[in-house]
Amino acid sequence: MPEDILRPGDLTGISQEDVSLAVLGFPIGHSISPAIHNAALLDMAKSDSRFAKWRYRPIEVEAERLSDVLPILLKSGFRGLNLTIPHKVQALDLVVELSAEARAIGAVNTLLASDEGWQGFNTDGYGLEQALRDELGVELEGAKVILLGAGGAARAAAAQCLLRGCRKLWIGNRSPARLRELLDVLPALGNEVEVSGFAFDEASSEFSDQSELVVINATSLGLKPEDPSPLDLSALPNGTKVYDMVYNPSETALLSQARDLGLRATNGLSMLVHQAARSLGIWTGGDVPIDAMFTAARKELS
């Protein structure tokens, strides 16, 4: 059963006896994060009764109200927050401390309460790295990566690839201007990885003579059943592996073509769960039952 969505006016009624966590976004009704986190907390409470009083809630907050709401949540005793669209970039200016990952990515998706204010983290890159390793057997170090997209999700993926020392990174996008914006900020990460951009319709000749490629879709193409694939995979070599950050629907045009070509491919559910587990680990300081989170996620999407 989905959690009741809270709004800023409801926050004064939160019980001080609970340890409160939340996800903030606008809109927020689609989020399955409350189900994932509360399933983990329920499992954790079996061996540690403290977690019986922990609860994770969805809060719908418009972008223009975030700067007002964060201090209220801190004063109300919230221990941790997740941030989703449209808050991840705005929150950079609203925290007292930033993790190295959040600074490199240029966005925040996890906040931890402290006496001085909110500390900012980003677990998206970690979630992607764990998902690639577990689902496709890919290690980012030394990998040759084709990244599709130039928005916030793509920046998180690009930063993680560069921080981990990928061998080569190609970034493709529909909008040349948006692509250039991303390419311009990546050198600030201070590494020597070769990075280049490409247009989707020019990709085939670029990659035909490569091997052991990893394709990561960080575009929104695939969220709607009628969406086309962002990239024609037919010209890519055998052995290419495909990771689509879209997890709902579970099968996209990109994944369907990958399977038809006999390529190893998977959707973004694993990234969602791994980034959530990392957030919960930051808040609890302990081990997180990731199997319980996967079970809850699959149930919500079934």
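Keep in mind that what you see is a predicted model, and the values were worked out from it rather than measured.
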### Between H274 and D134: side-chain donor-acceptor atoms closer than 3.5 Å
yes
### Task
Decide whether T252 and D244 meet the rule of one side-chain donor and one side-chain acceptor closer than 3.5 Å.
yes
### salt bridge (charged side-chain N to carboxylate O under 4.0 Å, His left out): pairs with one or both residues in residues 94-117, sequence neighbours excluded
none
### Query
Hey, mind stepping through N217 and M245 against side chain to side chain contact (heavy atoms under 4.5 Å, CB included) and telling me if it holds?
CA-CA 6 Å; N217 178 37; M245 287 189 187; 5.9 Å; no
### Query
Less than 4.5 Å apart, any side-chain heavy atom of T110 and any of V108?
no
### Query
For atom CG of D48, is the number of surrounding heavy atoms from other residues, nucleotides or ligands below 6.0 Å larger than 12?
yes
### Query
Should we say atom CG of N238 is surrounded by more than 12 heavy atoms from elsewhere, each under 6.0 Å from it?
no
### Query
So, are K88 and D124 salt-bridged, with charged N and O less than 4.0 Å apart?
yes
### Message
With side chain to side chain contact (heavy atoms under 4.5 Å, CB included) as the test, pick out the partner of E60 among L6, I28, D10, L24.
### Response
I28
### Message
Contact between H87 and V61 at the side-chain level, heavy atoms closer than 4.5 Å - yes or no?
### Response
yes
### Query
Between CG of L83 and CG of L66, what distance do you get to the nearest 0.5 Å?
6.5 Å
### Sub-4.5 Å side-chain heavy-atom contact between L73 and L81
yes
### Query
In Å and rounded to the nearest 0.5 Å, what is the CZ to CD distance from F26 to E62?
4.5 Å
### Message
If you count every heavy atom of other residues, nucleotides or ligands that lies below 6.0 Å from E251 atom CD, does the total exceed 12?
### Response
yes
### Query
Salt bridge check: are E141 and R164 linked by an N-O gap of less than 4.0 Å?
no
### Message
Does atom CD1 (I85) have a neighbourhood of more than 12 heavy atoms from anything else shown, all under 6.0 Å?
### Response
no
### Message
I'd like to know if the side chain of T123 pairs up with that of N109 as donor and acceptor (distance under 3.5 Å, no hydrogens or angles considered).
### Response
yes
### Message
Pairing donors with acceptors under 3.5 angstrom, does anything connect the side chains of D18 and S20?
### Response
no
### Query
Do T284 and M44 touch side chain to side chain, with heavy atoms closer than 4.5 Å?
yes
### Query
To the nearest 0.5 Å, how far apart are OG in S76 and CG in L11?
6.0 Å
### Query
Between the side chains of Q130 and R133, does any donor sit under 3.5 Å from an acceptor?
yes
### Query
Where the side chain of K241 meets the backbone of L136, is there a donor-acceptor pair that is under 3.5 Å apart?
yes
### Task
Evaluate the side-chain proximity of F121 to Y126: yes if any heavy-atom separation is below 4.5 Å, no if none is.
no
### Task
Could you check N82 against S279 for side chain to side chain donor-acceptor pair (under 3.5 Å), going step by step and ending with a plain yes or no?
CA-CA 8 Å; N82 280 141; S279 293; 3.2 Å; yes
#### Entry: Heavy-atom side-chain proximity of T240 to E212 below 4.5 angstrom
no
### Task
For residues P237 and S211, report the shortest heavy-atom separation together with the two atoms involved.
CG-CA, 4.3 Å
#### Entry: Note, I59 side chain near F78 side chain (heavy atom, < 4.5 Å)
yes
### Query
So how far is it from L236 CG to F207 CZ, rounded to the nearest 0.5 Å?
7.5 Å
### Summary
Rounding to 0.5 Å, atoms CE (M293) and CG (N38) come to a distance of 9.5 Å
### Task
Mind checking the CG-CD spacing from D232 to Q257? Nearest 0.5 Å is all I need.
5.0 Å
### Query
In terms of hydrophobic clustering (I, L, V, M, F, W, Y; side-chain heavy atoms under 4.5 Å; direct or indirect links), are Y243 and V145 co-clustered?
yes
